[in-house]
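Before any comments, here is the structure.
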Amino acid sequence: MSTSGRQLPLLLQAALCHVLFFSLLSSSFSASYNITHLPGFDGSLPFRLETGYVTMNATSGAELFYYFVESERNPSEDPLLLWLIGGPGCSGINGLALDMGPLKFKLDYFDGQLPNLYANPFAWTKISNMIFVDWPIGTGFSYSKTAKDYTTEDVEGTAFIYKFLRKWLIDHPSFLSNPFYMGGDSYGGKVAVLTAHKIIEGNEGGQKPLINIKGYLVGNTITGEKVDTSSQAPHAYGLGIISKEFYKLIMAHCAGEKDFKKPQNVLCATHLETLNGFLSEIDVYSILDPTCPDEPPTSAMRSLKENQEEFISSPLSSVPDISCITAALLANYWANHHLVKEALHVKEGTIERFHLDNFDVDSYFYTRSVPSIVPYHYSLITRGFRALVYSGDHDLSIPFLGTLEWIKSLNFSVLEPRRSWHAGGQVAGYTILFSNNLTFATVKGGSHIAPDTMPFECFVMFERWISHQSL
Ligand SMILES: *[C@@H]1O[C@H](CO)[C@@H](O)[C@H](O)[C@H]1NC(C)=O
Ligand SMILES: *[C@@H]1O[C@H](CO)[C@@H](O)[C@H](O)[C@H]1NC(C)=O
Ligand SMILES: *[C@@H]1O[C@H](CO)[C@@H](O)[C@H](O)[C@H]1NC(C)=O
Ligand SMILES: *[C@@H]1O[C@H](CO)[C@@H](O)[C@H](O)[C@H]1NC(C)=O
């Protein structure tokens, strides 16, 4: 009797699940492909790569393109991460081949033809399953047949990612039981936190499938708060870019400003303009690197588009300067190559030109509608979700000083005070453990995308944190 009493709701639940699964599936024409070879990579890929589209709205024709990399260790038990790139408008290829993903571009040689790739020995996918997605619509290879699908903002955009994840998991039910983590860097960090919050709300509201979320990790994350920008002057002073006198002037005249992007005080505005002049001369995302264009010259793209034969058979006249051959530049060449698009199973005729970072999305189509995500961090962390907040310390766009400032505003107690953390016998950065399982870490020498500049150190950091060890 008591057993049947317990079984009924379970059966009902199962039945309801089926209805929901079916209704989601019936409107979905999602396609996915296992990719064993990629142009520019020697031999077959030493990991499982799947790409595909998830149909978000069959009526409007909205399709999100994703890259899924299975863990090289134990895919059925290793964590599953959904990783969001910044912008908004930056393609998942950033994650796959520039950030912590399994591929890297060879920078030492480029003749203007197809760029070469190698396997990243420090890929986080050695020990975790990772999904990278071209989000929102208009990013990378994601597209829609309906113009209004290109316009979005934080709240609707986050709901879209949550829907994408549910659909993906319904298509990949074997990953439902893996520990799940949201992750992202830059603006992707902000959206990752909003999405984690959305997932938990969905779980609590009985949305199916239930997502086994354990926590989140974010790198050089945007919060929307004043500290994102107000921390630039002290960091620029600390890094020797501006003088102490000028730094003091900025602090004196900008102290009362609510928003450093729209200063009210005239003197503050003038000083910030001067500061931005200093910053514009260097790569604020990675201050030790040269400033280089991320996109190939138009002539190269023209021959790529109009005359594929020419692009493949003859080196381009405008091969970039060797000091400016960056992974971003190569990614733009690579992903626009027709052989690459074919290998990735990009649908023909959907995207005219691939942009690794499509800044039109941020400038014209996306509204940063949530002013601050600090309360979302507070809510997630106090509910028992684990968090790792890391900062490459050579990033001047979102300096670690600002990150530490908003973390301190959460008023969590310090369980382990600031100390160095090590990788390969060397100091790799500094960490603080706060109560509620919040870990803060700097990555010494790290850029805005720390795993790009400090891959080994970031892998060590990730491996320890994801396996519940102290850094
Ligand atoms: C891809 O490979 C995985 C693992 O071998 C398999 O389960 C899956 O069905 C394959 N997917 C496709 C679309 O062939
Ligand atoms: C799907 O697209 C159609 C046509 O643009 C729109 O009317 C509808 O509201 C969309 N559905 C969802 C769930 O967004
Ligand atoms: C942290 O403490 C300050 C000062 O007491 C207070 O103003 C603020 O509201 C607190 N923040 C949180 C998130 O509790
Ligand atoms: C911290 O995380 C561990 C698991 O790693 C968990 O057992 C513990 O309850 C968490 N502590 C808090 C305060 O959330």
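As the structure lists them, so they are numbered: ligands from 1, and atoms in each ligand from 1.
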Are any of the side-chain nitrogens in [X] or [Y] under 4.0 Å away from the carboxylate oxygens of its partner?
| X | Y | answer |
| --- | --- | --- |
| Asp393 | Lys444 | no |
| Arg383 | Glu204 | yes |
| Lys261 | Asp228 | no |
| Arg48 | Glu72 | no |

Problem set entry | Gap between atom OH of Tyr390 and atom OG1 of Thr403 - 0.5 Å precision | 11.5 Å

For this session: Would you please write out the protein residues whose heavy atoms approach any atom of ligand 4 to under 4.0 angstrom, listed by chain and number?
Result: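 Answer by chain and number: Asn436, Asn437, His468.
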
Problem set entry | His394/Tyr285 aromatic ring centres below 6.0 Å |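 Ring-ring flag for His394/Tyr285: false, centres at least 6.0 Å apart.
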
For this session: Taking the six-membered ring for Trp and the full ring for Phe, Tyr or His, determine whether the centres of Trp135 and Tyr366 are under 6.0 Å apart.
Result: yes

Problem set entry | Nitrogen or oxygen atoms of Ser32 and ligand 1 under 3.5 Å apart | no

Exercise. Would you say Tyr378 has any N or O atom under 3.5 Å from an N or O of ligand 3, going by distance alone?
Worked result: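 For ligand 3, there is no N or O atom that lies under 3.5 Å from one belonging to Tyr378.
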
Exercise. By number and element, which atoms of ligand 3 are closer than 4.0 Å to a non-hydrogen atom of Ser409?
Worked result: 1 (C), 11 (N), 12 (C), 13 (C)

Exercise. Mind checking whether Glu70 has a heavy atom under 4.0 Å from ligand 1?
Worked result: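 Glu70 does not count as a contact of ligand 1 under the 4.0 Å cut-off.
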
